[in-house]
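This report concerns only the one structure given below.
Each chain gets a letter, A, B and so on, in the order its sequence line appears, and its residues count up from 1.
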Number of protein chains: 2
Amino acid sequence: MQNRDRRRAAIRELLLEAPVRNQEELLEKLERRGLGASQPVLSRDLRALNVAKLGGAYQIVEEERVTPLEQLKSLLRSVDPVSKFLLVSCEPGAASAVARALDSEELDGLVGTLAGDDTVLVAVKSTAAAQRVRRRIQELL
Amino acid sequence: MQNRDRRRAAIRELLLEAPVRNQEELLEKLERRGLGASQPVLSRDLRALNVAKLGGAYQIVEEERVTPLEQLKSLLRSVDPVSKFLLVSCEPGAASAVARALDSEELDGLVGTLAGDDTVLVAVKSTAAAQRVRRRIQELL
DNA sequence: GTCCGGATGGAATATTCATGCGGCTATTGA
DNA sequence: TCAATAGCCGCATGAATATTCCATCCGGAC
C-alpha cells in the first residue's frame with residue numbers, strides 16, 4: 001500500500017511546518033489530513049524517516065550519517081607516516097576511542113591499530129596505503 | 001559543585017566513543033568512571049548537552065542551530081519586493097508556517113507578516129530593509 | 001480457488017524517559 | 001551567625017515511546 005508512503009510524506013511536511021512535541025500531537029495532525037494511524041505506526045515511521053527528538057521537539061535529520069571517526073575529529077591532532085605505519089596523535093586519553101573509530105571505518109589497506117594514551121599506531125599494507133589513509137584522516141583535521 | 005560539569009564532559013566523551021542505546025547504559029558507563037548519578041539527572045544532562053536519540057542511539061548534535069525558517073526553505077518558492085512590502089510565494093498551504101518562521105527570525109526592519117494560503121505579505125520599514133530581508137530569504141531558495 | 005509469504009498496521013504491553021517536588025549544600029547578604 | 005536563596009540532586013510517578021505479538025491484506029505460484 002502506498003498509504004504508508006503518503007503518511008510518511010505528510011509527516012515530513014508536518015515536521016517542517018511546525019514543531020511537534022510528541023507522537024500524539026503528530027497523530028492528531030495526521031488525522032486532520034485524513035491519514036489516521038496508531039502510535040506504534042508513528043514510532044516506526046519516525047525511525048524510518050530518521051527523525052530525532054531534540055530539545056522538546058521532533059526534527060528531521062537530513063544529513064548523511066556521521067561516521068564514528070568523523071564524530072571524533074575534534075580529538076585528532078596530527079598524522080605522520082613512518083614507513084608502513086601512521087602515527088596519529090590525539091587528545092590525551094582519546095587514543096583508544098580513535099583507534100576503535102579507525103577500525104570501524106574499514107579503510108582500504110588498513111591492517112590494524114594499536115592505541116596508547118594519546119597516540120594511535122596504525123599499521124597499513126603499503127606505503128601507498130599509508131598515503132591514502134593519511135589523506136583520509138588529514139581531511140578531518 | 002563542579003561534579004555536574006565533570007559528568008557532562010564525560011557524557012560527551014562516552015557518546016563519541018561508542019553508541020549508547022539508553023540512559024541506563026550511559027549510567028553504567030558513568031559509574032565505571034566513578035561518576036554515579038540517577039536516571040533523572042541524565043535526562044536533564046542530555047537535554048542540556050543537546051543530545052538527540054537518533055535511530056537507536058544517542059548522538060550529540062553539533063549545534064549549527066537550524067532556524068525555523070531554514071527548516072522551511074523547501075516550502076519557499078520566490079520573493080518579490082513591492083515598495084515597502086515583500087511578497088513571498090510558498091507551497092500551497094505553507095504560508096502561515098512560513099510567516100511564523102519569518103516572525104521568529106527577528107529580521108531587522110521587518111515590521112510584520114500576513115499569511116494567505118500560499119503567499120506571505122511581509123511588511124518592512126523601508127525599501128532598504130526590503131532589500132536586506134529579501135536577500136536573506138533569497139539565500140534559502 | 002487455495003495456499004504461502006511478505007508487508008502493513010493495531011492492541012496490549014514493556015521499556016524508556018521526563019518532571020513535580022522535596023531535601024541538601026553552598027553561597028550570599030544582612 | 002543566621003536567614004534567605006540558588007543550584008543540584010534523587011525519588012516517585014506519570015508521560016512518552018518502543019516492541020511484541022497477532023490479524024489482515026495483498027500478490028504470486030500452483
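- If you take CD1 of B/Ile11 and P of D/dC8, they are 14 Å apart, rounded to a whole angstrom.
- Computed from coordinates, the A/Leu27 CG to C/dA11 C1' distance equals 14 Å when rounded to whole Å.
- The line from CZ of B/Arg4 to CG of B/Asp45 is 7.5 Å long, rounded to the nearest 0.5 Å.
- If you take NZ on A/Lys29 and CZ on A/Arg32, they are separated by 7.0 Å, rounding to the nearest 0.5 Å.
- Between the CD atom of A/Glu28 and the CG atom of A/Leu14 there is a distance of 12.0 Å, given to the nearest 0.5 Å.
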Item to complete: Indicate for each nucleotide in nucleotides 9-18 of chain D, in 5' to 3' sequence, whether protein heavy atoms under 4.0 Å reach the base (B), only the sugar-phosphate (S), or nothing (-).
Response: BBBB---SBB
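- Distance check, rounded to the nearest 0.5 Å: CG of B/Asn22 to OH of B/Tyr58 gives 7.0 Å.
- Taken from CZ in A/Arg136 to CG in A/Leu110, the straight-line distance is 12.0 Å, to the nearest 0.5 Å.
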